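Comments concern the structure below.
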There are 2 protein chains.
Amino acid sequence: MNGELNTLADTDASTEAVRIERPTLHNVVVTRIRDMIIEGRIPVGARIHEGQLCQQLGISRTPLREALKVLASEGLVDLVPSRGAMVRKLTRKDARDMLDVLSHLEAMAGPLTCQNATDEEIREVRSLHDQMLEFYKTRERLPYFKLNQQIHTLLISLAGNESLCLVHDILQTRMKRIRFIGDQKEESLLAAVRDHEEMMEALEARDGERLSAAMVNHLRGTWERIKNAI
Amino acid sequence: MNGELNTLADTDASTEAVRIERPTLHNVVVTRIRDMIIEGRIPVGARIHEGQLCQQLGISRTPLREALKVLASEGLVDLVPSRGAMVRKLTRKDARDMLDVLSHLEAMAGPLTCQNATDEEIREVRSLHDQMLEFYKTRERLPYFKLNQQIHTLLISLAGNESLCLVHDILQTRMKRIRFIGDQKEESLLAAVRDHEEMMEALEARDGERLSAAMVNHLRGTWERIKNAI
DNA sequence: CTCCTGAATTCTGCATTCAGAATTTTACAT
DNA sequence: ATGTAAAATTCTGAATGCAGAATTCAGGAG
């Protein structure tokens, strides 16, 4: 029926001998819908019709509804009893508040990451960073954006604190849609890339305070970039 | 069949004319199971049998499964594909990490709460605090514990940052079970109560830094109280 | 007695179905 | 023509059913 669904079905065609991770349908659906929301393919405030969406995804309502519950607990959608789900609308204050919390979390992570990351891991970050720069130069928006997010996530996870990672990820995910829409202007992109350069250098120098400062500064910049787009 | 279930059905027997909040079954179930886990009525690491539990609650598997997905995304249970759910076992490091993050979050909240809370709201905290002291004196463990948690939640929410509230709540909920089991010894309880006194005074003096310090110190104490109970 | 193999049972994952709430449409009165 | 009421439709919430994976248990070989 819809070719798009294939990506749901053939989870791991490359299965050879090792196969520990076997994604369940609802997990895939969570990720899928999350992406749709982030990339704006489901408009903000729009009511999500279960029947329509599950037909679109080629699944039944059961796993879809499970996914919506999860997304609701992540704060991406609002779930009104008997009236279904809608993409959550973020106010300016919501965004501002999230960035404040993210600042504190990233400030916490800076020294930890510089202390705990191995040289090998730092090289990985550098590698992602360089790839990102490439996409920046060629103006490939989506890959650039995804690598950008990946770097942030990695920087936090290198701190070695799983809970920090978790809560950071929740807030970061909520911000993604706004960021994706906000980072449009040329000078904004340039400023963001410069911030990343500074973060990268701080990490390679293993200067925790400097990394913290750079990340906090980057988030301040993020606010400037998005505040008028909400 | 089971009298306990009634609390699921008659959600609001006192319904008169206003009835905006109508809890859905799965929401009630989330809360219910969460409490069961926190209070240790489902042992840690125990596999949760869907059929058994939903019979126990008198509901079908559908809302139960939805609830489990939500609890999994909160990190209270682990969900292994085809193998069901089990209560997540926290390691010492998990607990330590959570407390570290909570420290940063509460340190962030201190000044904000002192700045944003109204006099009325501060009086409310005081009221809860005094009630809690009563339960401490009469050794009523569960009410004491619940008020204690409520005070922490309120202190954070008075900061006026919804995201801060959210992530704090997620981590706090995860810790609840450990805390509930850990806070057993007499001198531990006394120390915790003293910490709360200090927090209370700092808040009433609207001294943000002092409140932050008191809360961070309290969490340090929490670690001492629980670290041997894991 | 222990270990391996495979049948039987149990349990999960997803689809389908049913009941009730919300929304839309339609008919009627003013 | 407009506003209201009621019927019809649509949609959500929850239960049930079914297929396949995982666990358990029985039996036989070493």
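A quick note: this is a predicted structure, and the numbers were derived from the prediction, not measured. Below, chains carry the letters A, B, ... as their sequence lines are ordered, and counting in each starts from 1.
- The stretch residues 151-174 of chain A participates, sequence neighbours left out, in these ring pair (Phe, Tyr, Trp, His ring centres under 6.0 Å) pairs: His152(A)-His196(A), His152(A)-His218(A).
- Straight-line distance from the CG atom of Leu53(B) to the P atom of dC11(C): 13 Å, rounded to whole Å.
- Checking the phosphate oxygens (OP1, OP2) of dT16(C), no side-chain nitrogen or oxygen of Arg61(A) falls inside 4.0 Å.
- Side-chain atoms of Ser82(B) lie closest to dG13(C) of the nucleotides dA15(D), dG13(C), dC14(C).
- As rounded to whole Å, 14 Å separates atom P of dC11(C) from atom CE of Met86(B).
- Of the possible polar contacts, one joining the Arg92(B) side chain to the Lys227(B) backbone as a donor-acceptor pair under 3.5 Å is found.
- Between the side chain of Asp94(A) and the backbone N or O of Thr91(A), at least one donor-acceptor pair lies under 3.5 Å.
- Note on Ser60(B): a side-chain N or O is less than 4.0 Å away from OP1 or OP2 of dA15(D).
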Quick test: give all pairs of protein nitrogen or oxygen and nucleotides 9-11 of chain D nitrogen or oxygen below 3.5 Å, distance rounded to 0.1 Å.
| residue | atom | partner | partner atom | Å |
| --- | --- | --- | --- | --- |
| dC11(D) | OP1 | His49(A) | ND1 | 3.3 |

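- The distance from atom CG of Asn27(B) to atom P of dG13(D) is 10 Å, rounded to the nearest whole Å.
- When rounded to the nearest whole Å, the span between CZ of Arg65(A) and C1' of dT12(D) equals 6 Å.
- Residue Lys89(B) qualifies as open at atom NZ: its count of foreign heavy atoms under 6.0 Å is 12 or below.
- Taking 3.5 Å as the limit, the base of dA15(D) and the side chain of Thr62(B) contain a donor-acceptor pair of atoms between them.
- Leu64(B) has its CG atom 15 Å from the C1' atom of dC14(C), to the nearest Å.
- Between Lys69(B) and Glu66(B) there is no salt bridge, since none of the side-chain N atoms of the basic residue sits less than 4.0 Å from a carboxylate O of the acidic one.
- Atom CG of Leu189(A) is separated from atom CZ of Arg225(A) by 8.0 Å, given to the nearest 0.5 angstrom.
- For Leu25(B) and dA21(C), the CG to C1' distance is 15 Å, given to the nearest whole Å.
- Checked against dA15(C), dC14(C), dG13(D), the side chain of Thr24(A) finds its nearest nucleotide in dC14(C).
- When the side chain to side chain donor-acceptor pair (under 3.5 Å) test is applied to Gln149(A), the partners found at least two apart in sequence or on another chain are Gln172(A).
- Between the CD atom of Gln55(B) and the P atom of dT12(C) there is a distance of 13 Å, rounded to whole Å.
- When the P atom of dT12(D) is taken as reference, atom CD of Glu66(A) falls 16 Å away, rounded to whole Å.
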